[in-house]
Amino acid sequence: QLRLVESGGGLVQPGGSLRLSCAHSEFSLNYYTVGWFRQAPGKEREGVSCISTKSGSTIYADHVKGRFTISRDNGGNTVYLQMNSLKPEDTAVYFCAAGSDYVIRAGLCNSGAVFGSWGQGTQVTVSS
């Protein structure tokens with residue numbers, strides 16, 4: 001299993017932006033599906049977005065389309081989630097996860113169970 005590390009969370013006002021990062025300190029994330037999930041207090045975990053670090057293909061949940069952008073660096077070591085126009089309902093702990101490249105090709109990005117490696121999460125709070 002990979003050990004992933006998220007960073008970039010924090011407190012931001014509504015309408016503001018944050019960029020989350022997901023990395024592994026020892027191995028490249030090339031040839032994986034990397035997904036971002038979030039879990040708000042009292043709610044179930046939900047998928048936010050995922051990317052194939054091999055092809056660059058991306059998928060977004062409807063509630064973040066047009067506001068969030070997932071990307072990878074050229075070295076394949078880090079995956080980013082740029083979050084713009086943040087809303088209070090975006091408040092949650094955000095997790096990144098890695099699975100095989102098959103995950104995104106099979107349309108399984110919302111299925112957390114198919115991701116074998118997870119980070120510890122980073123808190124995002126959107127509040128005035």
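Owing to the predicted nature of the structure, the values given are computational and were not obtained by experimental measurement. All values below come from the heavy atoms of this structure, side chains included, with hydrogens, waters and symmetry mates left out.
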Least distance between heavy atoms, T78 atom then S21 atom: CG2-CB, 4.1 Å

Min side-chain heavy-atom separation Q82-L18 under 4.5 Å: no

Any donor-acceptor pair under 3.5 Å from T122 side chain to G9 backbone: yes

Minimal non-hydrogen separation, I104 against C109, with atom names: CG1-SG, 3.8 Å

Value rounded to 0.5 Å, distance of CZ in F115 from SG in C96: 10.5 Å

Atom of A40, atom of A92 and distance for their closest heavy-atom approach: N-CB, 3.8 Å

E44 CD: over 12 foreign heavy atoms closer than 6.0 Å: no

Derivation of the side-chain contact (heavy atoms from CB on, under 4.5 Å) call for N110 and L108: CA-CA 6 Å; N110 284 332; L108 297 174; over 6 Å; no

Worked verdict on C22 versus V34 for side-chain contact (heavy atoms from CB on, under 4.5 Å): CA-CA 9 Å; C22 173; V34 177; 4.3 Å; yes

Non-hydrogen side-chain atoms of Y80 and D73 separated by less than 4.5 Å: yes

Single-linkage hydrophobic cluster W118~Y102, side-chain heavy atoms < 4.5 angstrom: yes

Spacing of S49 atom OG and I59 atom CD1 [to the nearest 0.5 Å]: 8.0 Å

Straight-line distance of F95 CZ to E6 CD, nearest 0.5 Å: 7.0 Å

Nearest-0.5 Å distance that lies between atom CG in D101 and atom NZ in K54: 5.5 Å

Residue pair I70 / Y60, side-chain heavy-atom distance below 4.5 Å: yes

Short side-chain to backbone donor-acceptor contact, Y32 and A97, under 3.5 Å: no

Main-chain N/O of V126 paired with T91 side-chain donor or acceptor, under 3.5 Å: yes

Non-hydrogen side-chain atoms of S71 and V79 separated by less than 4.5 Å: no

Worked check of side-chain contact (heavy atoms from CB on, under 4.5 Å) between M83 and T69: CA-CA 7 Å; M83 305 186 296; T69 302; over 6 Å; no

Stepwise side-chain contact (heavy atoms from CB on, under 4.5 Å) test for E89 and H63: CA-CA 10 Å; E89 51 262 44; H63 51 274; over 6 Å; no

Non-hydrogen atoms of C50 and G35 that approach each other most closely: CB-CA, 3.7 Å

Interatomic distance, W36 atom CH2 to F68 atom CZ [nearest 0.5 angstrom]: 11.0 Å

Side chain to side chain, Q13 and L86, heavy atoms closer than 4.5 Å: no

Donor on one side chain, acceptor on other, S55 and S57, under 3.5 Å: yes

Side-chain heavy-atom pair P14, P88 within 4.5 angstrom cut-off: yes

Distance-only donor-acceptor check, side chains Y94 and R38, under 3.5 Å: yes

Inter-residue atom distance I51.CD1 - T33.OG1, 0.5 Å rounding: 9.5 Å

Carboxylate-amine/guanidinium proximity below 4.0 Å for D62 and K65: yes

